[in-house]
Structures are given as structure tokens and as C-alpha cells.
Amino acid sequence: MSETQRIGEFVNIEREGRLAIVTFDRGDRINALSVQLLHELTAAARALRQDTVTSAVVLHGPKVFTAGADLADPAVRERQEAGLLERREMLRAGPDMCDAWEAIDQVTVAAIEGFCIGGGVALATACDFRIAGRGAHFRLPEIPLGMNMSWHTQPRLVNLIGPSPAKQLTIFGEKVSAEQALDWGLADDLADDGEAFSMARKWAEKAAALPPVAVRMAKRGITAAATALNAATTFMDADQFALASTSEDHREAVSAFLEKRSPKFTGR
């Protein structure tokens, strides 16, 4: 028998015994991460953190994973117009969400269909495992848009795939196919398109069938060993984002994107 918990407007947690299914759904074709959705996903993670019944969690969007941060969100425009102190506080929403998902003691499995872009990659790398549809792709567009990759993501990528692939994914901003992601270790397994959730559920059910205390201790120990220096290397990435997003190169990148032309960067 299942039990459903609604978190805000866009997030559902459905519990079935020791398994929880978290669905985030903006109701459109790109499932972008608005500021409201970031807060709701954070609240969902913190609710699960206190859940002693659930042993494994599947995280997914209904049709696609996510196109990343919603640049059309009015809250994003508000952040751009805010003073530096207020902007620094507003910029905590993304990294706080990813940190909350990494802090869950249950095994977390992200089911990725369609695309996983920008903040979507940040969220997926905060989970323990990633199952992707064969037609899915991953991409980090921040650098070509004159920004930095923040949300405490870079060390997580290095932990997962190593420095060179992390640099390729981050710096070039190009699409990475599901097959390439599997080869790098960014994806843990591939499913036929439309079947990523089903396979992710099987992974989660396998974890949920194991002794829960032992699994939680093992997960926490491995995560602690892999991420010991993460906070030290990312404590300023939100400030770097705040700086980069005020640059002439960022404005040029956005203008070139909207005008469908090649950008001309100056380092200003």
C-alpha cells in the first residue's frame, strides 16, 4: 500500500514500504528548475533525511529529467537586480538543494530521460546512482554562457568521472550522450528510452531489500571518504557565479545566443 506526500506545488513523494519515489514536475516539456522548485526539492530531501522507514529513493521527472535552472523565472530576474548581500543569499538555493540530496542516508537513484542539463547535472551528481535512457544526454552550458559551474558540482564530477572528463563536460559545454556518460561513469546503467524509471526502481528495490542500518553506514562512510575536501574547494563557487554573471562576456554570450550568432569574448 502506497502513501503520497505533496511537497509544495511541483514535488510528490510516494512511499511504498521501504521505497520512496520522488517526482518533480513543472507540467511542461523542459521541467526547468525554478527557484520555487529548488526549495521544494530541498524540503523533500530534508523530509526524507528524517525518514527511518524508507531505505531507497528514486528521483525523476515525469517525461524528462530537467533542462536546468529556469532563466525565465521572475525570481531569477529579481536576484539579478538585488544588492550583493541579498544576491549572495538568493544564490544559496541551488547548492543547498544539492547538498540536501547528498546528505540523505538512504540510497538515491536518479532516473534520467531526455536531457539532464546544467543544474540537472548538479542534482543528479548529488545522488548515489544515475540510470539514463539510451537517447538521453547530459550538458553543462554555463561556461559558454560566460558563467561558472556552481552548486558545489565540480568536485562531485571529479569524484565520479575524474579530472579530464570533468573538464570536457564543464568547459566545452557540449552534449554528452548516454553512452559516453556510461563510459565515463557519469551514468551507472542505460535503459531503453522510456524505461529509465523502471530500471532505477529495480536498483532502488535491490538496495531497499538489504539491512537498512548497514547500508546507511556504508553509504555515509563512502560518501565521506569521497567528498572530504568538497566543501573546501567549493565554498566560493556562488561568489564566483555572482562575479561571472556581471561580466561583459556573460552579457555577450546571452546576446549572441538570442541573436543566433557566434559570440565575441574579450575577458571583460
Minimum heavy-atom distance [X]-[Y], with the two atoms named:
{"X": "Ile7", "Y": "Ala43", "answer": "CG2-CB, 3.8 Å"}
{"X": "Ala93", "Y": "Leu38", "answer": "CB-CD1, 3.9 Å"}
{"X": "Thr125", "Y": "Arg130", "answer": "CA-NH1, 3.8 Å"}
{"X": "Ala166", "Y": "Leu157", "answer": "CB-CB, 4.1 Å"}
{"X": "Leu19", "Y": "Glu205", "answer": "CD2-CG, 4.0 Å"}
{"X": "Arg134", "Y": "Asp193", "answer": "N-OD1, 3.1 Å"}

Do [Y] and [X] meet the salt-bridge criterion of a basic N to acidic O distance under 4.0 Å?
{"X": "Glu252", "Y": "Arg261", "value": "yes"}
{"X": "Lys63", "Y": "Glu113", "value": "no"}
{"X": "Lys219", "Y": "Asp105", "value": "no"}

Q) So Met149 and Val121, side-chain contact (heavy atoms from CB on, under 4.5 Å) or not? Walk me through it. A) CA-CA 10 Å; Met149 187 59 219; Val121 175; 5.8 Å; no
Under 3.5 Å, side chain of [X] to main-chain N/O of [Y], donor-acceptor pair present?
{"X": "Arg49", "Y": "Ala100", "result": "no"}
{"X": "Thr233", "Y": "Asn230", "result": "yes"}
{"X": "Asn159", "Y": "Ala226", "result": "yes"}
{"X": "Ser247", "Y": "Ala244", "result": "yes"}
{"X": "His250", "Y": "Leu145", "result": "yes"}
{"X": "Glu40", "Y": "Phe10", "result": "yes"}
{"X": "Gln106", "Y": "Asp51", "result": "yes"}
{"X": "Thr54", "Y": "Ala56", "result": "no"}
{"X": "Asp188", "Y": "Ile131", "result": "no"}
{"X": "Asp249", "Y": "Thr266", "result": "yes"}

Are [X] and [Y] joined in one hydrophobic group, where the rule is that I, L, V, M, F, W and Y side chains link up if heavy atoms are under 4.5 Å apart?
{"X": "Leu140", "Y": "Phe115", "value": "no"}
{"X": "Ile143", "Y": "Met147", "value": "no"}
{"X": "Trp151", "Y": "Leu37", "value": "yes"}
{"X": "Val11", "Y": "Val58", "value": "no"}
{"X": "Met97", "Y": "Leu59", "value": "yes"}

Q. Pick one: which of Met199, Glu195, Glu179 meets side-chain contact (heavy atoms from CB on, under 4.5 Å) with Leu190?
A.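 Per the side-chain contact (heavy atoms from CB on, under 4.5 Å) rule, the option paired with Leu190 is Glu179, out of Met199, Glu195, Glu179.
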Q) Looking just at side-chain N and O atoms, do Asp128 and Thr108 make a donor-acceptor pair shorter than 3.5 Å? A)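 Yes, because at least one side-chain N or O of Asp128 sits under 3.5 Å from a partner of the opposite role on Thr108.
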Taking atom [atom1] of [X] and atom [atom2] of [Y], what is their separation to the nearest 0.5 Å?
{"X": "Ile104", "Y": "Asp99", "atom1": "CD1", "atom2": "CG", "answer": "11.5 Å"}
{"X": "Arg220", "Y": "Met217", "atom1": "CZ", "atom2": "CE", "answer": "12.5 Å"}
{"X": "Glu174", "Y": "Gln180", "atom1": "CD", "atom2": "CD", "answer": "11.0 Å"}
{"X": "Leu48", "Y": "Arg46", "atom1": "CG", "atom2": "CZ", "answer": "12.5 Å"}
{"X": "Arg88", "Y": "Asp239", "atom1": "CZ", "atom2": "CG", "answer": "4.0 Å"}
{"X": "Asp237", "Y": "Thr153", "atom1": "CG", "atom2": "OG1", "answer": "7.0 Å"}

Q. Can Leu41 and Leu33 be said to form a side-chain contact (heavy atoms from CB on, under 4.5 Å), step by step?
A. CA-CA 10 Å; Leu41 282 166; Leu33 297 171; 4.0 Å; yes
Other residues, nucleotides and ligands only: do more than 12 of their heavy atoms fall within 6.0 Å of [atom1] on [X]?
{"X": "Phe265", "atom1": "CZ", "value": "yes"}
{"X": "Leu210", "atom1": "CG", "value": "yes"}
{"X": "Arg6", "atom1": "CZ", "value": "yes"}

Q | side-chain contact (heavy atoms from CB on, under 4.5 Å) between Thr23 and Glu14, intermediate numbers included | A | CA-CA 8 Å; Thr23 306; Glu14 185 178 0; over 6 Å; no
Side-chain contact, heavy-atom cut-off 4.5 Å: [X] with [Y]?
{"X": "Thr234", "Y": "Pro155", "value": "yes"}
{"X": "Thr227", "Y": "Glu102", "value": "yes"}
{"X": "Val57", "Y": "Cys127", "value": "no"}

Q) Centroid-to-centroid, Phe24 to Phe65, below 6.0 Å? A) yes
